[in-house]
Amino acid sequence: MDKRAATILAVVRAIPSGETLAYGEVARRAGLPRRARWVAKLLATAVDESLPWHRVLRSDGRIAFAEGSAGFYEQVRRLRAEGVQVADGRVRRSTPMARDDLDALLWAPA
DNA sequence: CCCGTGACTCTAC
DNA sequence: CGTAGAGCCACGG
C-alpha cells in the first residue's frame, strides 16, 4: 500500500461516529483533489475491519452502492447504528452543517 | 496506445 | 427539488 492510500484511510478513520463525508471531500482532505473514484476503489479493496467506510457517501448524501445491493443494506445498517438518519438511500441532516463547521469539528484538537 | 469500467462530481436545465 | 451529460482518474484488457 502506497503513502497516498494510507493518507486516504487515515482521513476516513478520522471521521467521527455519527458524521459523514463525501468521497471527494475525503480525497481533498488527503491532499488528492479529483480522486473521488479512487477513494471509492480503495474502500472497496480495503481489508481493515475497523475502517469506518460506511461514513463515506456521495456528494449529494446518497449511499454509493446500488440500491438493494448487499453493500447498500450493510451501509444503511451501520449508519443507523450510529444514529444517522437514512431515508430513501440518502442521509438526512435536519440541520445541514456548513463546510466550515464540519472542518472545525473534524480538525478540532482532541 | 486506445477503450471500457466504476462505492464519483459538477454544471445546466 | 431531479435528471442528463461531460469530466475525471486509476487500472486492466
Side-chain angles (χ1 to χ4, degrees):
Chain A
M1 174 189 296
D2 60 39
K3 202 169 190 173
R4 300 178 304 164
T7 307
I8 292 281
L9 296 182
V11 171
V12 173
R13 275 189 280 266
I15 305 173
S17 173
E19 279 302 323
T20 61
L21 221 50
Y23 293 90
E25 236 339 90
V26 171
R28 197 153 31 214
R29 283 161 188 269
L32 299 167
R34 297 188 298 279
R35 270 356 114 73
R37 307 195 86 128
W38 193 58
V39 170
K41 176 78 77 180
L42 197 58
L43 295 187
T45 56
V47 291
D48 185 354
E49 291 297 321
S50 67
L51 187 72
W53 55 269
H54 56 284
R55 311 214 256 247
V56 186
L57 311 167
R58 284 192 185 154
S59 61
D60 59 3
R62 287 184 349 198
I63 302 288
F65 285 108
E67 188 162 0
S69 66
F72 175 88
Y73 290 126
E74 175 65 7
Q75 185 162 15
V76 171
R77 187 182 70 69
R78 292 196 183 208
L79 286 171
R80 287 185 173 151
E82 297 183 347
V84 177
Q85 294 262 327
V86 186
D88 296 314
R90 169 175 324 200
V91 167
R92 296 201 161 293
R93 279 181 203 299
S94 52
T95 311
M97 198 174 277
R99 209 186 96 103
D100 292 338
D101 292 338
L102 184 55
D103 265 346
L105 175 63
L106 290 175
W107 296 113

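Given the structure is predicted, the values throughout are model-derived calculations rather than measurements.
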Inset, instruction - Check every strand shown and say whether A/G71 touches a base, only sugar-phosphate, or nothing at a heavy-atom separation below 4.0 Å. - result: nothing

Legend entry - A/W38 CH2 to C/dC11 P, straight-line distance once rounded to whole Å: 7 Å

Legend entry - OP1 or OP2 of C/dC8 under 4.0 Å from side-chain N/O of A/R34: no

Inset, instruction - Side-chain contact test, heavy atoms from C-beta onward, threshold under 4.5 Å: evaluate it for A/L57 versus A/L79 and give yes or no. - result: yes

Inset, instruction - Select one nucleotide: of B/dC10, B/dC8, C/dA10, the one nearest the side-chain heavy atoms of A/A40. - result: B/dC8

Legend entry - Sidechain N-carboxylate O distance under 4.0 Å for A/R90, A/D88: no

Legend entry - Nearest listed nucleotide, side chain of A/Y23, among C/dG7, C/dC11, B/dA7: B/dA7

Legend entry - Gap between atoms CD1 and P, on A/I8 and B/dA7 respectively (whole Å): 16 Å

Legend entry - Closest nucleotide among C/dA10, B/dC10, B/dC8 to the A/R4 side chain: C/dA10

Inset, instruction - When you get a sec, tell me which of C/dC11, B/dC8, B/dA7 is the closest nucleotide to the side chain of A/R37? - result: B/dC8

Inset, instruction - Could you tell me whether A/A66 contacts a base, only the sugar-phosphate backbone, or nothing, with contacts defined as non-hydrogen atoms closer than 4.0 Å? - result: nothing

Legend entry - Side-chain touch A/V84/A/H54, heavy atoms, less than 4.5 angstrom: no

Inset, instruction - Answer yes or no: does a side-chain N or O of A/R58 lie under 4.0 Å from OP1 or OP2 of B/dT9? - result: no

Legend entry - For atom CG of A/L21 and atom P of B/dC8, their distance in whole Å: 15 Å

Legend entry - Interatomic distance, A/D88 CG vs C/dT3 P [rounded to whole Å]: 12 Å

Legend entry - A/Q85, CD atom: more than 12 neighbouring heavy atoms under 6.0 Å: no

Inset, instruction - Would you kindly give the CG-to-C1' distance between A/D2 and C/dC11, to the nearest whole Å? - result: 13 Å

Inset, instruction - Starting from C1' on B/dA7, measure out to CG on A/L57 and report it in whole angstrom. - result: 10 Å

Inset, instruction - For the side chain of A/A64, starting at C-beta, report the closest nucleotide among B/dA7, B/dT9, B/dC10. - result: B/dA7

Inset, instruction - In whole angstrom, give the distance that lies between atom NZ of A/K41 and atom C1' of B/dG4. - result: 12 Å

Legend entry - Rounded interatomic separation in angstrom, taking CG from A/L43 and P from B/dG6: 17 Å

Inset, instruction - For A/R90, answer base if it contacts any base atom (sugar-phosphate contacts may also be present), sugar-phosphate if it contacts only those atoms, and nothing otherwise; contact means non-hydrogen atoms under 4.0 Å. - result: sugar-phosphate

Legend entry - Heavy-atom pair of closest approach, residues A/A36 and A/A27: N-CB, 4.1 Å

